[in-house]
Amino acid sequence: MLKKIALTKIKGVGPKTARTLLTYFGSVDNIFDASKKQLLSIPGIRKATVESIFSKNYMHDAERELAFVEKHNIEMLWAEDATYPRRLTQCEDAPLLMYYKGTVDLNPRLCVSIVGTRNATVYGKRICEELVSTLQEYDIQIVSGLAYGIDVQAHRLALKHHIPTIGVLGHGLDRIYPSAHRDVASRMLENGGLLTEYPSETIPDRSNFPARNRIIAGLADVTIVVEAAKKGGALITAEIANSYNRDVCAFPGGIDQEYSAGCNYLIKTHRAHLIRHADDLIYLMGWERPKSKQEGMQLPLLTTNLSKDEQRVYDFLQEKEQASVDEIALHLDWPMNKLAMILLEMEMNSILLSLPGKIYRMH
């Protein structure tokens, strides 16, 4: 791992340049074995970068970092490793190497990022409580940035409801910032973890946090903005999530509320889906509860007083799991206007769910 650490220490070699080098040379070893002529022949590689590679000034730092990692039992996640978060591999600017200390897999079935203002209001905290308490029923992981306000509230609630939670840091693992959240961070190591692209001795410089936000966005299936002012890290995270073609959701707030202005802006400009509670999120994402939790919920449905027509739809969807409105109409040989009324009635009675693309499945 020494050379992998060293590659990230070279001045002028960021994630994109490093990936370019790996594409041309096939491995980290081959990069360091390459001649200056070979390196200069690669489009976009500057002479100054090549000189930095050959200077070897970074090797001492790399050796010191490896010693720190080994001493503190920190896991290093290389982009080509099976343990590296698969969702991040879809982001072209994702770090090649990250440092992780924790107890949970970073490739969960479902993952949400919850972000927001540092100045969380009673309204925002209440939204967070309802959201996280409902997500407890799902096999899910919650990601945030361990910052003041909504971020740490999301972590605390995840711990309260026994949901794995990951804190993405804007500094090295030799410190916790803000220090007031040291206790929360310690408890997160028992059911979650701390993740960073920054080596030890990296201070929490302001410029690190926008870069940190891309990891928060990239780790998740959906980024949820609970409260946000017009400017701030939460809106940056939402913008990055959109650039990754990930879903973004935001809770609306009063038009005169400072810390709802950012959420309202995201919704108004179609940068985020409006959600009012966790059920809206679950519906939007088409998530299903884990089977062990679904089974107990399905029994009452069997005793529901369905009409003869509703029973036919129910039986078909039980067999198919999910189907388009055209498939249902074709199977039942019904006109579309009749089917539409029955489907609407069943949806309103929470018997089935309507998914994007006119797909239906049992609730």
Side-chain angles (χ1 to χ4, degrees), residues 1-102 105-108 111 166 168-169 172-173 193 195-202 208 210-221 240-241 243-246:
M1 289 297 292
L2 180 62
K3 288 185 178 179
K4 291 177 179 177
I5 297 174
L7 184 62
T8 68
K9 296 277 188 179
I10 302 171
K11 185 179 180 180
V13 178
K16 290 185 179 180
T17 300
R19 281 184 168 81
T20 299
L21 291 169
L22 284 169
T23 298
Y24 273 84
F25 292 107
S27 72
V28 175
D29 286 339
N30 290 343
I31 293 172
F32 287 102
D33 291 339
S35 66
K36 287 188 177 182
K37 183 178 180 181
Q38 287 174 310
L39 288 166
L40 287 169
S41 69
I42 299 173
I45 304 297
R46 297 180 302 166
K47 184 177 180 180
T49 301
V50 174
E51 293 299 331
S52 293
I53 293 172
F54 273 82
S55 73
K56 305 294 184 182
N57 293 336
Y58 46 83
M59 289 306 297
H60 176 69
D61 286 345
E63 289 166 357
R64 187 170 55 188
E65 190 61 33
L66 183 59
F68 174 83
V69 163
E70 291 175 344
K71 179 181 178 181
H72 295 281
N73 297 314
I74 292 168
E75 184 178 357
M76 290 187 290
L77 305 172
W78 183 250
E80 297 171 347
D81 295 343
T83 53
Y84 190 92
R86 65 175 183 275
R87 292 171 177 85
L88 267 182
T89 62
Q90 301 163 8
C91 309
E92 65 173 5
D93 58 350
L96 273 176
L97 178 66
M98 291 190 295
Y99 302 92
Y100 174 60
K101 194 167 182 65
D105 186 358
L106 293 173
N107 287 299
C111 186
I166 303 297
V168 185
L169 309 180
L173 286 172
L195 179 69
T196 183
E197 67 177 309
Y198 296 107
S200 61
E201 301 184 21
T202 303
N208 294 351
R212 180 275 309 266
N213 291 346
R214 82 189 194 285
I215 299 175
I216 294 176
L219 284 172
D221 301 306
I240 295 169
S243 75
Y244 290 159
N245 291 317
R246 303 289 171 84

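- Considering CG of Leu21 and CD1 of Ile10, their distance stands at 8.0 Å, rounded to 0.5 Å.
- Between Lys9 and Glu65 the shortest heavy-atom distance is NZ-OE1, 4.2 Å.
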Legend entry - Residue pair Lys16, Thr20: steps toward the side chain to side chain contact (heavy atoms under 4.5 Å, CB included) verdict: CA-CA 6 Å; Lys16 290 185 179 180; Thr20 299; 5.5 Å; no
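- The two residues Arg87 and Gly218 come nearest to each other via the heavy atoms CB-O, 3.3 Å.
- Side-chain atoms of Leu195 and Leu219, non-hydrogen and from C-beta on, do get closer than 4.5 Å to each other.
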Inset, instruction - Might you work through the side chain to side chain contact (heavy atoms under 4.5 Å, CB included) test for Phe25 and Leu39, ending with a clear yes or no? - result: CA-CA 9 Å; Phe25 292 107; Leu39 288 166; 3.6 Å; yes
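- Between the side chain of Glu197 and the main chain of Arg212, no donor-acceptor pair closer than 3.5 Å is present.
- Under the 4.0 Å criterion applied to side-chain N and carboxylate O atoms, Lys36 and Glu51 are assigned as salt-bridge partners.
- Side-chain contact between Asp61 and Glu201 is absent, with no heavy-atom pair separated by less than 4.5 Å.
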Inset, instruction - Under the side chain to side chain contact (heavy atoms under 4.5 Å, CB included) rule, what do Leu106 and Thr83 come out as? Steps first, then yes or no, please. - result: CA-CA 7 Å; Leu106 293 173; Thr83 53; over 6 Å; no
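- Within 6.0 Å of the NZ atom in Lys11, the count of heavy atoms belonging to other residues, nucleotides or ligands does not exceed 12.
- Checked for salt-bridge contact, Glu80 and Lys4 miss the test: no charged N lies under 4.0 Å from a carboxylate O.
- Arg64 CZ: more than 12 foreign heavy atoms inside a 6.0 Å radius.
- Taking every heavy atom of both residues into account, Ser41 and Gln38 meet most closely at OG-O, 2.6 Å.
- Taking both residues in full, the closest heavy atoms of Tyr58 and Ser52 are given as CE2-O, 3.2 Å, listed atom of the first, atom of the second, then distance.
- Nearest heavy-atom pair, Ala18 versus Leu7, reported as atom, atom and distance to 0.1 Å: CB-CD2, 4.1 Å.
- For the atom pair CG (Asp33) and NZ (Lys3), the distance works out to 5.5 Å, reported to the nearest 0.5 Å.
- Here the CD1-OG1 distance, from Ile42 to Thr49, works out to 11.0 Å after rounding to the nearest 0.5 Å.
- Listed for the Arg19 side chain is a donor-acceptor partner under 3.5 Å among the backbone atoms of Ala94.
- Under the 4.5 Å side-chain criterion, counting only non-hydrogen atoms from C-beta, Lys71 is not in contact with Ser200.
- The backbone N or O of Tyr84 lies less than 3.5 Å from a partner atom in the side chain of Asn107, making a donor-acceptor pair.
- Note that the CH2 atom of Trp78 and the OG1 atom of Thr8 stand 7.5 Å from one another [nearest 0.5 Å].
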Inset, instruction - Apply the test side chain to side chain contact (heavy atoms under 4.5 Å, CB included) to residues Leu173 and His72: give CA-CA distance (whole Å), side-chain angles for both, the deciding distance (0.1 Å), then the verdict. - result: CA-CA 9 Å; Leu173 286 172; His72 295 281; over 6 Å; no
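- In terms of heavy atoms, Met76 sits closest to Asp81 at O-OD2, 4.1 Å.
- Here the straight-line distance linking atom OH of Tyr198 with atom CD1 of Ile215 works out to 7.0 Å at 0.5 Å rounding.
- Considering only heavy atoms from C-beta on, Leu169 stays 4.5 Å or farther from Tyr99 through its side chain.
- Atom CG of Leu88 is separated from atom CG of Leu96 by 11.5 Å, given to the nearest 0.5 angstrom.
- Within the 4.5 Å cutoff, side-chain heavy atoms of Leu22 are placed close to those of Val28.
- Between the side chain of Arg246 and the backbone N or O of Ala220 there is at least one donor-acceptor pair closer than 3.5 Å.
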